[in-house]
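These notes concern the structure reproduced below.
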Protein chains: 2
Amino acid sequence: MPTMQDVAKKAGVSLSTVSHALSGKRPISEETRQRIQQAIEELNYHPNELARRLANQQSRIIGMIFPRLANNLTVMQLEFVMGAIEAADQHGYSLLFSPSPMDDNDLTNFARGGLVQGLILMEIRLDDPRCEVLSKQGFPYVMIGRTSNPDGISYADLDFVHATSSAVSYLVENGHQKIAYIDYAPFLVESGYGPAIRSLEGYRQTVNKYELPEISLACNPTSLAGYEVVKKLLYDHPDVTAIITLNDNAIAGMYQATQEAGLHIPDNFSYIAIISSRRAEMFMPTLTTMDFPANEMGQAGVELLIQRLENEDARPIHKLFEAKLTMRQSSGPASKL
Amino acid sequence: MPTMQDVAKKAGVSLSTVSHALSGKRPISEETRQRIQQAIEELNYHPNELARRLANQQSRIIGMIFPRLANNLTVMQLEFVMGAIEAADQHGYSLLFSPSPMDDNDLTNFARGGLVQGLILMEIRLDDPRCEVLSKQGFPYVMIGRTSNPDGISYADLDFVHATSSAVSYLVENGHQKIAYIDYAPFLVESGYGPAIRSLEGYRQTVNKYELPEISLACNPTSLAGYEVVKKLLYDHPDVTAIITLNDNAIAGMYQATQEAGLHIPDNFSYIAIISSRRAEMFMPTLTTMDFPANEMGQAGVELLIQRLENEDARPIHKLFEAKLTMRQSSGPASKL
DNA sequence: CTGTTAGCGCATTCAT
DNA sequence: ATGAATGCGCTAACAG
């Protein structure tokens, strides 16, 4: 690999001249610029990023703790990641991934090794221990999601309370009186996973406001679980006419159970699924959905972090996204049901 | 941030002693080791990875070109990535992601910048231009998938010919005489996407061998497309009794169309879906599937690359995975249909 | 406009 | 068993 020194020699100039020619940080005569350019091409020179970043004292790399496979593997995760990668790229940063099962020590090493300038955390729990560790170290990070006390830290999150709440309101306005909510997996609910807690809360508040019964069930993220949960739901509460859920991976089974019970969507039964529009495309019949803007949230995460990195005394920004109701069932073959 | 020099000073030893104490690459007296250790803790010192990797002349970072969002966003992609991240981590490497829309120049810069030691390419086309560029540069890379002439390069791929071929055979053995194949999106087929070409080939060979009619259709990766394609299929060929597909994102719609046609799985109609087992969990009724080992393939990709990186004259390894038939419909509620 | 020099933080060869 | 010195490849004062 040719170095900048090689280029300098070949072009008959000094090292620093080459450096400045490349960075444009000081005027270079057109003639020497030419010679340098030519030397670069002849040698097929490419600057060494490791050296450059060491000298600059910044890696321009953002770390992302990848969610654990076992729990929650959804297309939405992919969309977070995708949005983050693209945003990072646009700002001249790269994303480096690390698998999730990290103890506090690994996390500290990862952070303080200087390889990554900041971190993006996904799958935040209300009392996430990773946040404590990082905050104590004063290490820059942002959350996709949030803890119960996120004051000092920027985050991008969905307004889960608003999402389920407005889903209930919408259904009530359309005449529904018995509305069930299917939550995330039981262990997520128990372990204080924010989206599980908050979405349930929004549902509760709103059915209570309308003085409707509160019917909610947790559900593992598989089709089979969804099938069984709805089977049970419809057995225990045969008069339920609508289901709200964010549980992406279980929806197919839920829907199947509804069908087998002889219910017809949207004639005498309704679903509101709060999932990404891309994910919604994978369902039949196309459901009524509330768009979960996963891609935008990943993007926002990166941008909040970069803001924090490039502006030392920027104050934390809390970005709450709202899920927008999308009437997917009005178009397409669902109407033929 | 404290540096190694700070630690040395505090411990009253030389820089190199600290370095060697950390790396263990030369004997250190127990006493000085203690002092160094203590200094490290008091200062909360962590070695700077950028500097370390520059001095070592290796980044221990592997680049991965992330697939384009628009085409093919599936859980399988996520599983490739997940497998790769985990494997890399186990070998002490990290994965750095870059978005796909790169021209030859960006790709060359990315590769030769020295930030990444090697590259993993996904979504390989039969005549993928990226491979030419990288091969010409002599840059280490591996493919998940393969080009039509992958001689010099390691890859991990699914044996698509075998997959569809054995799916046909299995159906024939179970009495099916009219077996349709639903391929990937039309533009993927046309643009020479290996899996689309090879899977179709396996299907063709085998139905021809059995002297059965050849009925194949391309299908966009959405539920709606799947619905419409199968609708048309069943209209044009009402005597079809089985469908084979790898088109993950369209399956829900395909299935819906089948149901609406009054066909019952598995009584008088069969599906074989070649998808990852994790993805299969999201379907109802649980289909007959052939397990697409996405996670393992991602893992293999990383391991092949590391092999190449750490053993200069390792010869290329071609790793073909086989999809295994899994009778998912035998368990669970599908039997109630 | 250009050259010289001193770091960035760590690894490592040569001495001792 | 330890220290001093050089180098990894680049950036950025400082000096002309």
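Every chain is numbered from 1, with letters handed out A, B, ... down the list of sequences.
A side-chain donor-acceptor contact under 3.5 Å links A:Arg60 to the backbone of A:Gly92. Checking side-chain atoms of A:Asp6 against main-chain N and O of A:Thr3 turns up a donor-acceptor pair under 3.5 Å.
With respect to the salt-bridge test (charged N to carboxylate O, under 4.0 angstrom), the residues B:Lys136 and B:Glu132 do not qualify.
Contact annotation: A:Lys25 side-chain N/O to D:dA12 OP1/OP2 distance is under 4.0 Å. Here B:Gln57 reaches the OP1 or OP2 of D:dG9: one of its side-chain N or O atoms lies under 4.0 Å away. Regarding contacts with the backbone of C:dA11, a side-chain N or O of B:Ser19 is found under 4.0 angstrom from either OP1 or OP2. A close approach under 4.0 Å does occur between a side-chain nitrogen or oxygen of A:Arg52 and OP1 or OP2 of D:dT11.
The salt bridge (Lys or Arg N to Asp or Glu O under 4.0 Å) with A:Glu42 is formed by just one residue from the set A:Lys9, A:Lys10, A:Arg35; it is A:Lys10.
One interatomic measurement links the two molecules: CG of A:Leu15 to C1' of D:dT11, which rounds to 9 Å at whole-angstrom precision. Atom CG in A:Leu115 sits about 19 Å away from atom P in C:dC8, given to the nearest Å. Rounding to whole angstrom units, CD of residue A:Glu49 and P of D:dC10 are separated by 9 Å. The CG atom of A:Leu22 sits 16 Å away from the P atom of D:dG9 (whole-angstrom rounding). Rounded to whole Å, the distance from CG on A:Asn56 to P on D:dG9 is 17 Å. One interatomic measurement links the two molecules: CZ of B:Arg26 to P of D:dT2, which rounds to 8 Å at whole-angstrom precision. One interatomic measurement links the two molecules: CG of B:Leu54 to P of C:dG7, which rounds to 17 Å at whole-angstrom precision. One interatomic measurement links the two molecules: CG of B:Leu50 to P of D:dG9, which rounds to 14 Å at whole-angstrom precision.
Axis angle across the helix from C:dC1-D:dG16 to C:dT16-D:dA1, with five pairs used at each end and values rounded to 10°: 40°.
Looking at B:Val116 and B:Phe139, their side chains come closer than 4.5 Å, going by heavy atoms from C-beta outward.
Between the base of D:dG3 and the side chain of B:Thr17 there is no donor-acceptor pair shorter than 3.5 Å. No hydrogens or angles were tested; on distance alone, nothing pairs the side chain of B:Ser16 with the base of D:dA5 as donor and acceptor under 3.5 Å. Residue side chain B:Arg53 does not reach the base of D:dG9 through any donor-acceptor N/O pair under 3.5 Å, judged by distance alone.
Ranking D:dA1, C:dG3, C:dC10 by closeness to the B:Tyr45 side chain, first place goes to C:dC10. Checked against C:dA11, C:dG9, D:dC10, the side chain of A:Asn48 finds its nearest nucleotide in D:dC10. Nearest nucleotide to the side chain of A:Ser14, out of C:dT4, C:dG9, C:dT2: C:dT4.
Classified by interplanar angle (parallel below 30°, tilted 30° to 60°, perpendicular above 60°), the ring pair A:Phe292/A:Phe80 is perpendicular. The aromatic rings of B:Phe97 and B:Phe66 sit perpendicular, their planes meeting at an angle over 60°, well past the 30° parallel limit.
At a threshold of 4.0 angstrom between heavy atoms, the contacts of B:Val18 with the nucleic acid are absent. In this structure, A:Thr3 reaches the sugar-phosphate backbone alone: every heavy-atom distance under 4.0 Å involves primed, P, OP1 or OP2 atoms, never a base. In this structure, A:Ile28 reaches the sugar-phosphate backbone alone: every heavy-atom distance under 4.0 Å involves primed, P, OP1 or OP2 atoms, never a base. Residue-level contact check: B:Thr32 touches the backbone only, with heavy atoms under 4.0 Å from sugar-phosphate atoms and none from bases.
For the pair B:Arg125 and B:Tyr193, the cation-pi criterion (under 6.0 Å, within 45° of the ring axis) is not fulfilled.
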